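Predicted, not measured: the structure shown is a model, and the values here were computed from it. Residue numbers start from 1 in every chain, and the chains themselves are labelled A, B, ... in the order their sequence lines are given, proteins ahead of strands.
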2 protein chains.
Amino acid sequence: MTNLIAGLRAEGRRLTRPRKAILDVLEKSKYPLSAADVHARLKREQVAVDLVTVYRTLAVLKKLGLIAQVELGEGQFRYESRHGREHHHHIRCRGCGRIADLMLCPLKKLTALVERETRFTVEEHSLEFFGWCPKCQ
Amino acid sequence: MTNLIAGLRAEGRRLTRPRKAILDVLEKSKYPLSAADVHARLKREQVAVDLVTVYRTLAVLKKLGLIAQVELGEGQFRYESRHGREHHHHIRCRGCGRIADLMLCPLKKLTALVERETRFTVEEHSLEFFGWCPKCQ
DNA sequence: CTCTTAATTGCAACTTGTTTGCATTTACCA
DNA sequence: TGGTAAATGCAAACAAGTTGCAATTAAGAG
């Protein structure tokens with residue numbers, strides 16, 4: 001939340017109720033949420049925020065680096081808070097859609113190798129697994 | 001192409017001109033293509049196939065395991081042929097959108113670890129890098 | 001504390017990517 | 001060489017995400 005205030009201020013942006021509420025929803029979630037998910041949870045909490053505002057706020061939070069965008073083969077984006085959470089990855093069940101965190105990342109060395117080989121500058125990577133959870137096997 | 005015929009036949013499906021043409025477009029491409037990309041290339045080659053047929057064919061080819069679906073943070077799917085190509089990953093430039101192959105994958109051991117820790121069965125993974133290519137840096 | 005103003009929001013409409021329904025066409029086996 | 005189920009094209013629907021604009025509001029200036 002401190003990061004939110006500082007980040008917004010640094011860009012001449014404002015701290016609003018929707019922004020606090022949306023970041024709060026993401027911080028409370030155990031797995032990444034779509035814009036529609038966030039919107040639904042806000043409604044459940046009696047916080048009236050338009051879906052469009054959710055989209056716009058997610059874009060802002062992403063630009064501030066407070067949340068990460070995740071793709072899990074669903075044709076939509078999900079977002080998760082970065083606050084107090086280590087860099088990590090996910091696995092998604094092809095049966096029930098359950099998403100679990102994988103608290104690991106073996107890509108430090110590989111990233112250096114990729115930069116050397118491709119001459120790209122690497123800014124980010126995504127690593128996701130897909131399979132079947134115990135219940136769905 | 002042999003795989004296409006065999007795979008289709010095994011499911012009581014048919015070998016058609018659109019299917020051949022679409023697989024051919026994917027096999028010729030150096031990077032993964034979206035449905036719209038495939039459609040545009042077919043048109044350029046004077047092959048009249050509806051975009052809907054492209055979508056349906058991509059679904060079939062994917063189910064047959066002849067092509068792989070790729071997500072590169074664009075809000076759309078891309079597809080690439082698997083024929084004669086080793087398992088690999090990609091890097092995409094945030095400036096110009098250029099996509100390059102990364103002919104490497106260090107995830108064998110990690111996959112085993114993930115399966116042990118999560119008790120999921122891992123069927124697939126995605127690993128993509130994002131950054132800036134030499135021209136855009 | 002109030003005023004001013006630019007940032008933010010909500011609503012409606014739109015765009016883009018993808019899917020579905022259905023009548024017509026076509027691959028392929030008897 | 002048909003007959004028949006599979007595949008296609010077209011129109012329409014759907015879903016995720018974006019844009020334009022008038023109304024609202026955060027927050028610094030006075």
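Between the side chain of B:Arg19 and the base of D:dA7, no donor-acceptor pair under 3.5 Å is found. With hydrogens and angles left out, the side chain of B:Arg13 and the base of D:dA7 share no donor-acceptor pair within 3.5 Å.
Ranking D:dG9, C:dA6, C:dT18 by closeness to the B:Val49 side chain, first place goes to D:dG9. For A:Arg56, the side-chain atoms get nearest to D:dG20 when compared with the rest of D:dG20, C:dA7, D:dG17. Here the nucleotide nearest the side chain of A:Tyr55, chosen from D:dA16, D:dT8, C:dT26, is D:dA16. You'll find that the side chain of B:Val52 is closest to D:dC10, out of C:dT9, D:dG17, D:dC10.
With rounding to whole Å, B:His39 atom NE2 is found 12 Å from D:dC10 atom C1'. The NZ atom of A:Lys20 sits 13 Å away from the C1' atom of D:dA27 (whole-angstrom rounding). One can place CG of A:Leu64 at 10 Å from P of C:dT8, the figure rounded to the nearest angstrom. Note: CD1 (B:Ile22) to P (D:dA7) measures 13 Å, nearest angstrom. Between the CZ atom of A:Arg17 and the P atom of D:dA27 there is a distance of 14 Å, given to the nearest Å. A:Glu74 places its CD atom 16 Å from the C1' atom of C:dG17, with the value rounded to the nearest Å. When rounded to the nearest whole Å, the span between CG of B:Leu51 and P of C:dT16 equals 13 Å. The NZ atom of B:Lys63 sits 12 Å away from the P atom of D:dA6 (whole-angstrom rounding).
Between A:Thr16 and C:dT9 there is a side-chain N or O to OP1 or OP2 distance below 4.0 Å.
In this structure, B:Leu15 and B:Ser34 both approach DNA chain C, and ranking their closest nucleotides by distance from the 5' end singles out B:Ser34. With DNA chain C read from its 5' end, the first of the two nearest nucleotides for A:Thr53 and B:Arg14 is the one closest to A:Thr53. Take the nearest nucleotide of DNA chain D for B:Gly12 and for B:Val54: the residue whose nucleotide is more 5' is B:Gly12.
Taken from CZ in B:Arg98 to CZ in B:Arg92, the straight-line distance is 12.5 Å, to the nearest 0.5 Å. The distance from the SG atom of A:Cys133 to the CZ atom of B:Arg119 is 12.5 Å, given to the nearest 0.5 Å. Taking CZ from A:Arg78 and CG from A:Leu72, the interatomic distance works out to 6.5 Å, rounded to the nearest 0.5 Å.
When heavy atoms are screened at a 4.0 angstrom cut-off, A:Ala59 is found touching no nucleic acid atom at all.
Note: B:His125 and B:His89 meet the aromatic proximity criterion, with ring centroids under 6.0 Å apart.
Side-chain contact check for B:Glu71 and B:His90: no donor-acceptor pair (N or O, by modelled atom type) lies under 3.5 Å.
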